[in-house]
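Take a look at the structure below.
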Amino acid sequence: MPRCPAALTLGTVKPPAFDYRAPRTVDETVRLLSGANGATTLLAGGQSLLPLLNRRRVRPVTLVDLGGVEGLDTVTLEERAVRIGALVRLRALETHAALRDTLPVLHETVRLVAYPQIRTRATFGGSLCHADPAAELPALALALGARLRLRSAAGQRTVDAEEFYRPGGGTALLPGELLTEAELPLHEGHRFRFAEVPRLGQGGFPLVGACAGVSLDPEGTVISARLSAAGAADRPLRLHAAERALTGRALSGLGSVLDAAAHEADPPSDTYGSADYRRALLRTTLRRALEGMRP
Ligand SMILES: Cc1cc2nc3c(=O)[nH]c(=O)nc-3n(C[C@H](O)[C@H](O)[C@H](O)COP(=O)(O)OP(=O)(O)OC[C@H]3O[C@@H](n4cnc5c(N)ncnc54)[C@H](O)[C@@H]3O)c2cc1C
């Protein structure tokens with residue numbers, strides 16, 4: 001009997017059987033997580049998890065659906081920071097007028113993620129926790145110095161985005177932990193921009209993206225710089241050497257800054273492009289993000 005080519009490519013397209021739980025509170029959620037010996041998987045918007053389940057790359061004993069958990073879908077604007085609940089949908093961030101005025105780079109970056117249909121389901125917390133090295137929002141979280149609140153049955157801890165994304169990939173989430181909120185500091189006097197080259201045209205994951213934030217003195221000299229990259233390593237990458245190269249100079253003749261960024265990147269080679277090509281794209285995207293901020 002001939003085999004269906006799609007079945008050969010995808011293996012199977014039905015998830016294995018699992019127990020489904022839909023808690024209403026964070027306390028109930030962490031209780032479910034704590035009793036499960038790591039065999040529980042959290043479901044947020046499902047835009048990354050459901051394909052993995054259908055292909056049986058993930059085989060949870062219990063799936064805990066965060067969709068009905070109260071208190072995780074709020075956006076709070078404070079004087080020095082914006083707090084975003086883990087379950088806030090990307091589309092809600094995109095259409096939040098006050099947030100757009102307060103933190104324009106978030107609006108600009110969210111609009112680069114996937115398509116409106118995906119953004120209607122995908123959540124801010126899901127994007128941060130899925131930790132795709134090429135995803136836009138983890139790179140943005142790094143440049144902004146986001147602080148991530150993690151809850152478990154043992155209590156709450158706060159982890160800086162840079163500590164959250166581990167060398168080699170993955171996150172600092174421990175078994176039984178849930179991301180509840182991200183706090184994005186508002187860096188007074190800084191402007192941020194995000195630039196990317198998508199893999200497959202508008203709406204696709206970036207092949208490489210760069211986020212840049214700078215504050216300038218009245219002469220146009222960089223006082224402080226916060227730079228990060230997507231698709232440039234095995235994790236979202238803060239570009240410390242490029243930040244040092246940029247500080248104390250103008251936003252022109254950026255060759256040494258771009259050299260520093262390309263040097264600290266360690267991008268993969270795959271069917272979308274070689275490591276050298278990605279390094280070249282990092283130079284291009286970082287230049288675009290920085291030049292977009294010239295006075
Ligand atoms: C066609 C398509 C195009 C896409 N294009 C892009 C793109 O251009 N850029 C981009 O960045 N992304 C893109 N995505 C990915 C999409 O943005 C992600 O699916 C989304 O970011 C993950 O969020 P989610 O809410 O769907 O998470 P889910 O898929 O529900 O979960 C993802 C992972 O995070 C874990 N998780 C979720 N929430 C929490 C939490 N609160 N605490 C702890 N763990 C949690 C889950 O257990 C799971 O392991 C695309 C997806 C599709 C299907």
Side-chain angles (χ1 to χ4, degrees), residues 15 18 20-23 26 29-30 32-33 36 38-55 57-69 71-73 84-94 106 108-142 148-152 156-157 159 164-165 169-182 194 196-209 211 228-231 235-236 272:
F18 51 76
Y20 174 83
R21 307 297 290 270
V26 170
T29 306
V30 295
L32 284 170
L33 291 176
T40 296
T41 296
L42 291 168
L43 172 69
Q47 298 305 294
S48 294
L49 185 61
L50 291 183
L52 292 173
L53 278 173
N54 285 343
R55 292 174 195 180
R57 301 246 185 98
V58 179
R59 292 170 169 269
V61 174
T62 306
L63 193 69
V64 175
D65 187 347
L66 294 174
V69 177
L72 296 181
D73 63 349
I84 300 175
L87 214 61
V88 174
R89 310 277 171 187
L90 302 189
R91 182 76 181 142
L93 294 177
E94 185 183 350
L106 180 61
E108 176 184 320
T109 308
V110 162
R111 284 170 56 83
L112 296 171
V113 177
Y115 318 98
Q117 294 86 340
I118 306 280
R119 297 198 291 270
T120 300
R121 293 299 307 163
T123 64
F124 193 61
S127 181
L128 296 184
C129 291
H130 189 61
D132 190 306
E136 290 92 346
L137 296 174
L140 176 67
L142 272 186
L148 309 182
R149 308 242 188 280
L150 310 180
R151 266 291 306 275
S152 70
Q156 176 170 291
R157 64 184 181 122
V159 173
F164 189 70
Y165 294 109
T171 70
L173 274 169
L174 297 171
E177 269 185 331
L178 158 80
L179 171 70
T180 55
E181 179 184 85
F194 196 104
E196 72 175 33
V197 173
R199 272 181 211 161
L200 299 171
Q202 194 63 39
F205 267 101
L207 195 49
V208 172
C211 186
S228 67
R235 62 192 183 285
Y272 296 107

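No hydrogens, no waters, no symmetry mates; every other heavy atom, side chains included, goes into these values. Indexing begins at 1, ligand by ligand and atom by atom, following the structure's order. All values derive from a computational prediction rather than experimental measurement.
Pairs passing the salt bridge (charged side-chain N to carboxylate O under 4.0 Å, His left out) check and including a residue from residues 116-128, sequence neighbours excluded, read Glu94-Arg119. Pairs of residues two or more places apart, or lying in two chains, never qualify as salt bridge (charged side-chain N to carboxylate O under 4.0 Å, His left out) while including a residue from residues 131-141.
The nearest pair of heavy atoms linking Leu179 to Ala86 is O-CB, 3.2 Å. In plain terms, the two heavy atoms of Gly209 and Phe194 that are nearest each other are CA-CE2, 4.2 Å. A pairwise comparison of heavy atoms in Asn54 and Pro15 identifies OD1-CD, 3.1 Å as the closest pair. Residues Ala230 and Ala135 come closest through the heavy atom pair CB-O, 3.5 Å. Between Leu49 and Thr41, the shortest heavy-atom contact is CD2-CG2, 3.7 Å. Between Pro23 and Val69, the shortest heavy-atom contact is O-CG2, 3.5 Å.
Counting only distance, with no hydrogens or angles, the side chain of Tyr165 and the backbone of Leu128 share a donor-acceptor pair below 3.5 Å. The main-chain N or O of Ala139 is found under 3.5 Å from a side-chain atom of Ser228 such that the two form a donor-acceptor pair.
Each of the atoms 43 (C), 44 (N) of ligand 1 lies under 4.0 Å from some heavy atom of Leu173. Counting atoms of ligand 1 from 1 in the listed order, those under 4.0 Å from a heavy atom of Ala135 are 11 (O). Heavy-atom proximity to Ala122, at under 4.0 Å, picks out these atoms of ligand 1: 20 (C), 25 (O), 26 (O).
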Report task. Output, in order, the C-alpha distance, side-chain angles, deciding distance and verdict of side chain to side chain contact (heavy atoms under 4.5 Å, CB included) for Ile84 and Leu106. Result -> CA-CA 11 Å; Ile84 300 175; Leu106 180 61; 3.6 Å; yes
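In the candidate list Ala230, Pro206, Ala114, Ala114 is nearest to atom 7 (C) of ligand 1, counting heavy atoms. Of the listed options Ile118, Val110, Leu42, Val58, Leu42 places a heavy atom closest to atom 47 (O) of ligand 1.
At the shortest separation from atom 33 (C) of ligand 1 among protein heavy atoms lies His130 ND1, 3.8 Å. In terms of protein heavy atoms, atom 27 (O) of ligand 1 is closest to Gly126 CA, 3.6 Å. Looking at atom 41 (N) of ligand 1, its nearest protein heavy atom turns out to be Leu179 O, 3.0 Å. Nearest protein heavy-atom neighbour of atom 45 (C) of ligand 1: Cys129 CB, 3.6 Å. For atom 19 (O) of ligand 1, the closest non-hydrogen atom on the protein side is Ser48 OG, 2.6 Å. In terms of protein heavy-atom proximity, atom 31 (O) of ligand 1 is closest to Leu49 CB, 4.0 Å. Ranking protein heavy atoms by distance to atom 17 (O) of ligand 1, first place goes to Val113 CG1, 3.7 Å. The protein atom (non-hydrogen) at minimum distance from atom 13 (C) of ligand 1 is Phe205 CZ, 3.2 Å.
Between Tyr115 and ligand 1, not a single N/O pair is under 3.5 Å apart. For ligand 1, one of its N or O atoms has an N or O atom of Ala44 under 3.5 Å away. Between Gly45 and ligand 1, at least one pair of N/O atoms sits closer than 3.5 Å. For ligand 1, the polar-atom distance check against Leu43 finds no nitrogen or oxygen pair separated by under 3.5 Å. For ligand 1, the polar-atom distance check against Glu177 finds no nitrogen or oxygen pair separated by under 3.5 Å. By the 3.5 Å distance cut-off applied to N or O atoms, Gly46 is counted among the residues near ligand 1. Below 3.5 Å of separation, one finds no N or O of Arg121 facing any N or O of ligand 1.
With a 4.0 Å heavy-atom cut-off, ligand 1 is reached by no atom of Leu137. With a 4.0 Å heavy-atom cut-off, ligand 1 is reached by the side chain of Ala86 but not by its N, CA, C or O.
Residue contact annotation: Leu178 has a non-hydrogen atom under 4.0 Å from ligand 1.
Residues Leu137 and Val113 have side chains in contact (heavy-atom distance under 4.5 Å, counting atoms from C-beta outward).
Taking the centre and axis of the six-membered ring of Tyr272, the NZ or CZ atom of Arg199 falls inside the cone set by 45° and 6.0 Å.
No more than 12 heavy atoms of other residues, nucleotides or ligands shown are found within 6.0 angstrom of CZ on Arg111.
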